[in-house]
Amino acid sequence: MRLGCIGDDFTGSSDLANTLAKQGMRVVQYSGIPAKPATADVEAGVVALKSRSIDPAGAIAQSLAALEWLQDQRCTQFFFKYCSTFDSTPKGNIGPVADALADALDADRVIICPAFPGTGRSVYQGYLFVNDTPLHESGMENHPLTPMTDADLHRWMAPQSKYAIGHVSAQAVFVGADAIAERLKAEHAAGKRHIVVDAIRDEDLMQIGRAAANLKLVTGGSGVALELPANFGCTPGTPDWEGQSGPVLAISGSCSSATRAQVAQHAARNPVREVLAEEIIEGASHR
């Protein structure tokens with residue numbers, strides 16, 4: 001195993017695994033920390049945790065345990081995956097987990113980049129946008145567990161982390177990987193350990209990935225992992241997978257603005273049914 005990944009939830013981890021597989025890596029996603037070693041053909045392992053919204057101490061403990069297992073598989077680079085909407089609070093868990101992983105790996109120049117342009121998430125001048133809307137005006141400010149009330153990633157990370165937060169601007173990113181690497185070094189020399197990196201295009205993510213080739217730890221959404229497989233000599237391919245035909249049941253548990261719009265569009269042409277959590281808890285029948 002070359003690349004060891006830790007995801008703070010299952011669906012985000014599957015998104016990362018899919019990205020790495022499309023870029024040519026042999027990937028296995030694990031639900032929780034495995035009890036036995038990976039098989040020899042695995043190039044990237046993605047350990048999916050449920051640590052996003054638990055207490056910070058628990059998230060740190062789970063993440064360090066996952067890191068230890070990945071280190072035992074002899075990974076040479078590690079990736080901490082969180083949501084492209086940076087789901088967290090001033091107490092964590094992105095900052096505390098990033099701190100703990102950086103300490104355990106003695107990693108400096110830790111990239112912070114939740115950007116994923118393909119889904120409308122971009123970072124510009126350190127601010128996180130959903131399409132053309134700042135994150136804190138996108139509906140994520142109403143999240144019941146991790147309300148995102150500030151799109152400025154510097155300010156949002158500051159109370160979460162014990163380390164100073166740096167920034168690599170879009171101007172450097174547009175120049176390319178060498179310029180990004182130089183800015184990362186400069187921010188590190190200025191005492192910054194976690195460094196927010198701008199990205200508004202897939203090409204930006206590719207350049208960031210190239211600049212991260214020799215870094216011990218990278219953090220972000222799955223988008224910033226696009227170029228990491230190439231650093232290990234992998235080339236994009238088509239995964240050996242085919243979908244199945246037949247009826248489909250889609251279950252949606254999100255109340256985000258985007259999900260509600262998707263459900264409404266589906267409901268205009270297809271049958272839908274609302275299932276209330278309270279009814280499930282009370283044992284109501286939904287036959």
Chi angles and distances behind the side chain to side chain contact (heavy atoms under 4.5 Å, CB included) call for Arg109, Lys185: CA-CA 7 Å; Arg109 296 169 289 159; Lys185 290 179 182 177; 4.1 Å; yes
Hydrophobic cluster identity match, Ile54 and Leu64, side-chain contacts under 4.5 Å: no
Interatomic distance, Arg193 atom CZ to Leu217 atom CG [nearest 0.5 angstrom]: 9.0 Å
Distance-only side-chain donor-acceptor flag, Asp99 / His194, under 3.5 Å: yes
Sidechain-backbone polar pair: Gln77 side chain, Ala212 backbone, donor-acceptor under 3.5 Å: yes
Validation row: Val224, Phe79 side chains within 4.5 angstrom (heavy atoms): yes
Over 12 non-hydrogen atoms of neighbours within 6.0 angstrom of CD in Gln73: yes
Cluster link Val173 to Leu226, ILVMFWY, side chain under 4.5 Å: yes
Flag side-chain contact, heavy atom, 4.5 Å: Leu105 against Leu67: yes
Distance-minimising heavy-atom pair for Ala211 and Ala177: CB-O, 3.5 Å
Shared hydrophobic cluster for Val97 and Leu153 (ILVMFWY, side-chain gaps under 4.5 Å): yes
Linked, directly or transitively: Ile165 and Tyr163 (ILVMFWY side chains, under 4.5 Å): no
Nearest-0.5 Å distance that lies between atom CG in Asp8 and atom OG in Ser88: 9.5 Å
Any donor-acceptor N/O pair, Gln62 side chain to Leu49 backbone, under 3.5 Å: no
pair Gln125-His167: side-chain heavy atoms closer than 4.5 Å: yes
Rounded distance (nearest 0.5 Å) linking atom CG of Asp178 with atom CZ of Arg210: 10.5 Å
Residues Asp41 and Arg26 bridged, charged N to O under 4.0 Å: no
Inter-residue atom distance Ser138.OG - Met148.CE, 0.5 Å rounding: 9.0 Å
Presence of salt bridge, Asp103 and Lys162, under 4.0 angstrom: yes
Side chain proximity check, Phe86 to Arg121, heavy atoms < 4.5 angstrom: no
Worked check of side chain to side chain contact (heavy atoms under 4.5 Å, CB included) between Val46 and Lys81: CA-CA 9 Å; Val46 182; Lys81 163 68 173 69; over 6 Å; no
Beyond-backbone contact of Phe174 with Ile200, side-chain heavy atoms, under 4.5 angstrom: yes
Smallest separation among heavy atoms of Gln160 and Gly92, with atom names: OE1-CA, 3.4 Å
Linked, directly or transitively: Leu228 and Phe80 (ILVMFWY side chains, under 4.5 Å): no
Intermediate values then yes/no, side chain to side chain contact (heavy atoms under 4.5 Å, CB included), Ile6 and Trp69: CA-CA 11 Å; Ile6 301 167; Trp69 183 83; over 6 Å; no
Any donor-acceptor pair under 3.5 Å from Arg2 side chain to Phe232 backbone: yes
Interatomic spacing from OG in Ser63 to CD1 in Ile33 - rounded to 0.5 Å: 8.5 Å
Heavy-atom closest pair, residues Leu205 and Cys113: CD2-SG, 4.1 Å
Closest non-hydrogen atom pair between Cys234 and Met25, with its separation: SG-CG, 3.7 Å
Least distance between heavy atoms, Ser252 atom then Thr259 atom: OG-CG2, 3.0 Å
Asp87-Thr85 side chain donor-acceptor pair, cut-off 3.5 Å: yes
Asp15 side chain reached by Ser84 side chain, heavy atoms, under 4.5 Å: no
Taking every non-hydrogen atom, the tightest pair across Ala48 and Asp9: CB-O, 4.2 Å
Validation row: Val218, Ile208 side chains within 4.5 angstrom (heavy atoms): no
Reported CE-to-CD1 distance for the pair Met157 and Ile195, which is rounded to 0.5 angstrom: 11.0 Å
Ser122: which of Tyr127, Phe116, Phe129 passes side chain to side chain contact (heavy atoms under 4.5 Å, CB included): Phe129
Side chain to side chain contact (heavy atoms under 4.5 Å, CB included) assessment of Val42 paired with Val27: CA-CA 6 Å; Val42 180; Val27 187; over 6 Å; no
Side-chain touch Asp198/Asp204, heavy atoms, less than 4.5 angstrom: no
